[in-house]
Amino acid sequence: MSFPLLTATAALPAIGAIATAAVPAARRTAAKWLALLFSLATLVLAGIALARFEPGGARYQLTESHAWIKDFGVRYELGVDGIGVALMALTALLVPFVILAGWHDADPLETKSSRWRPTQGFFALILMVEAMVILSFEATDVFLFYILFEAMLIPMYFLIGGFGDRAHTGSDENAAAQRSYAAVKFLLYNLVGGLIMLAAVIGLYVVAGTFSLSEIAEARANGSLSMATSTERWLFLGFFFAFAVKAPLWPLHTWLPNAMGEATSPVAVLITAVVDKVGTFAMLRFCLQLFPEASKWATPVIVVLALISIVYGALLAVGQRDIKRLIAYASISHFGFIVLGIFAMTSQGQSGATLYMVNHGISTAALMLVAGFLITRRGSRLIADYGGVQKVAPVLAGTFLIGGLATLSLPGLAPFVSEFLVLVGTFSAYPAAGIVATTGIVLAALYVLVLYQRTMTGPVKAEVRGMADLKVRELAVVLPLIALLLFLGVYPKPLTEIVNPAVQHTMSDVQKKDPQPEVEAAK
């Protein structure tokens with residue numbers, strides 16, 4: 001039997017979570033290093049999986065299949081296509097930076113709320129989230145995916161509610177209440193979506209007699225599986241609703257600003273750069289593959305919802321006074337671009353959406369983590385409490401600027417390529433939607449540059465005059481992310497070669513071809 005590489009990649013952080021949680025309470029530093037070691041080892045395994053993946057090979061590779069619950073036809077089936085392996089690698093890449101950035105976020109405080117900061121628990125929960133997210137990108141059994149989709153909510157709930165941002169303007173009691181509200185809202189929104197999805201998963205089994213993606217695809221190909229139009233549409237809506245909550249897509253997005261605002265900055269990165277990608281990934285893997293006709297039927301409405309997310313998220317980002325909530329609303333706008341690219345049903349749009357998932361993860365991690373370093377120094381999330389930072393901490397200001405420019409998709413940085421492809425793919429299928437979507441670019445430039453101007457330029461405020469610049473640990477977090485943004489911005493080919501074949505499979509699932517440009521005949 002060949003080595004189960006995909007299982008090992010997901011099992012290693014789970015083992016690391018157990019080992020980290022078991023470290024004695026007095027040895028907090030040892031727990032941190034152990035968690036970092038396991039995350040780096042996971043990154044190595046993910047790199048091996050990425051290296052072994054053959055873009056021109058079978059659709060799902062490195063596959064594993066074992067009987068699990070035989071009476072219900074549930075199997076432990078894993079496999080990755082180009083999209084799954086890219087997002088798995090992204091997750092494994094970001095978690096070590098999350099751990100490094102949050103090195104002191106769970107250290108005990110001399111406050112009433114200090115009991116909610118067990119260091120070992122904080123890093124163990126991060127590793128557990130990593131394990132579940134990686135396995136969700138690998139799962140090719142619908143029931144297995146559903147279990148992971150729901151289970152990852154539990155460690156995220158405790159990360160948001162138990163380890164909140166220390167830069168809170170109110171009392172300890174008020175901060176705890178805000179954290180609790182954000183965590184419960186996150187959990188309830190996603191649980192409701194998950195319960196609706198569960199009904200759809202059961203309905204799919206009744207219709208198909210299996211949870212296996214490969215068996216369903218084979219049954220469709222040989223004509224032994226057919227769904228009534230109304231049945232397929234209802235099942236699609238059940239799946240899509242859950243994924244739209246996770247994504248987050250307007251109007252199911254309202255949990256995100258609260259969760260990102262109240263969580264520590266590394267946990268906020270875990271939410272928007274890692275966990276939320278499961279929603280958009282699942283739209284490609286499950287909605288389009290399992291319900292192709294229903295996906296085409298729902299496309300006009302979903303395109304409108306994506307456009308509202310783009311413009312609405314950007315407009316609210318412009319008006320924010322809180323740095324972290326501004327980044328949260330910017331992410332809502334960016335997820336609108338991702339969903340728009342997926343449902344434009346063009347190869348450029350879907351390639352751009354997949355690249356956007358990866359590039360948004362890197363750029364948002366860079367911006368949010370630098371913002372977290374800034375907030376930790378000043379002790380405030382309010383934009384108005386800053387000014388002139390670039391004069392006292394030029395490296396911090398410079399990295400903050402690069403992260404912001406990546407967020408607004410400046411040419412030469414990675415997000416530009418993905419946003420350009422999404423717009424090209426959308427214009428070719430829905431010109432009016434493409435025009436509306438471009439307003440998100442203009443608004444992104446506004447909220448990013450205004451944020452930088454108000455925090456980094458102008459007179460040096462007394463409260464920031466003694467602010468320290470980035471330290472070695474913080475530079476070790478930020479510089480590799482910036483290097484990746486630059487590399488993928490000027491040379492995205494390694495990534496496009498991996499994802500494009502998977503996009504072509506998805507286009508084949510929905511039986512769509514790219515619109516041909518109309519060329520006026522020569523007179």
Side-chain angles (χ1 to χ4, degrees), residues 4-49 88-109 113-138 147-148 150-166 179 183 186 259 263-271 273-275 278 365 368-369 372 376 473-474 476-477 480:
L5 182 58
L6 296 186
T7 294
T9 306
L12 194 59
I15 295 170
I18 297 171
T20 302
V23 174
R27 304 189 63 185
R28 293 191 301 273
T29 302
K32 297 175 185 179
W33 281 106
L34 186 62
L36 181 61
L37 179 63
F38 270 97
S39 68
L40 291 173
T42 303
L43 178 58
V44 171
L45 286 183
I48 294 172
M88 180 185 71
L90 172 70
T91 303
L93 173 71
L94 290 181
V95 169
F97 296 124
V98 166
I99 291 173
L100 270 178
W103 201 253
H104 298 297
D105 285 356
D107 290 347
L109 293 173
S113 63
S114 62
R115 64 183 182 275
W116 294 108
R117 294 188 177 275
T119 303
Q120 288 83 341
F122 178 75
F123 293 102
L125 290 170
I126 290 174
L127 289 175
M128 190 56 69
V129 171
E130 179 184 22
M132 293 179 180
V133 171
I134 287 177
L135 200 57
S136 70
F137 291 139
E138 300 171 346
I147 291 175
L148 297 165
E150 291 290 83
M152 68 180 68
L153 302 179
I154 299 171
M156 285 306 309
Y157 169 81
F158 288 108
L159 283 171
I160 297 168
F163 302 93
D165 193 346
R166 293 177 174 180
R179 288 199 305 271
F186 162 82
T264 65
S265 294
V267 172
V269 170
L270 205 62
I271 295 169
V274 175
V275 173
V278 176
M368 178 61 84
L369 293 178
T376 299
R473 173 180 60 85
E474 296 164 335
V477 170

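FYI, the numbering just counts along the sequence from 1.
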Heavy-atom closest pair, residues M128 and A14: CE-O, 4.2 Å
Work out which heavy atom in A10 is nearest to a heavy atom in L135; give both atom names and the distance. CB-CD1, 3.7 Å
Using a 4.5 Å cut-off on heavy atoms from C-beta on, say whether the side chain of V274 contacts that of V269. no
Could you state the interatomic distance from CZ (F123) to CG (L34), rounded to the nearest 0.5 Å? 11.5 Å
If you round to the nearest 0.5 Å, how far is OG1 of T20 from CG of L37? 9.0 Å
How long is the gap from CG on L43 to CZ on F38, to the nearest 0.5 Å? 15.0 Å
Would you check if H104 and R28 make a side-chain contact, meaning some heavy-atom pair closer than 4.5 Å? no
Taking only residues at least two apart or on different chains, which pairs with a member in residues 123-136 satisfy salt bridge (Lys or Arg N to Asp or Glu O under 4.0 Å)? none
Answer yes or no: are there more than 12 heavy-atom neighbours, outside R27 itself, under 6.0 Å from its atom CZ? no
Does some side-chain heavy atom of E138 sit less than 4.5 Å from a side-chain heavy atom of T9? yes
With rounding to the nearest 0.5 angstrom, report the CZ to CD1 distance, F186 to I271. 6.5 Å
Going from CD1 on I154 to CG on L125, what distance comes out if it is rounded to the nearest 0.5 angstrom? 10.5 Å
M156 vs V267, side chain to side chain contact (heavy atoms under 4.5 Å, CB included): CA-CA, chis, key distance, verdict: CA-CA 8 Å; M156 285 306 309; V267 172; 4.1 Å; yes
Which pairs would a plain distance check flag for residues 92-102, meaning a side-chain donor or acceptor within less than 3.5 Å of a matching protein atom at least two apart in sequence or in another chain?
none

For a side chain to side chain contact (heavy atoms under 4.5 Å, CB included) check, start with the C-alpha distance between D105 and F163, then their side-chain angles and the critical distance, and finish with the verdict. CA-CA 8 Å; D105 285 356; F163 302 93; over 6 Å; no
Between M152 and S136 the two heavy atoms that sit nearest each other are CE-OG, 4.0 Å
For P24 and Q120, work out which heavy atoms get closest and say how close. O-NE2, 2.7 Å
Which pair of non-hydrogen atoms, one from I160 and one from A259, has the smallest distance, and what is that distance? CD1-CB, 3.9 Å
Heavy-atom neighbours of W33 CH2 exceed 12 at 6.0 Å: no
Apply side chain to side chain contact (heavy atoms under 4.5 Å, CB included) to T42 and I134, showing your working. CA-CA 10 Å; T42 303; I134 287 177; 3.9 Å; yes
Atom of A49, atom of M88 and distance for their closest heavy-atom approach: CB-CE, 3.6 Å
How far does CG of L153 sit from CG of L148, to the nearest 0.5 angstrom? 11.0 Å
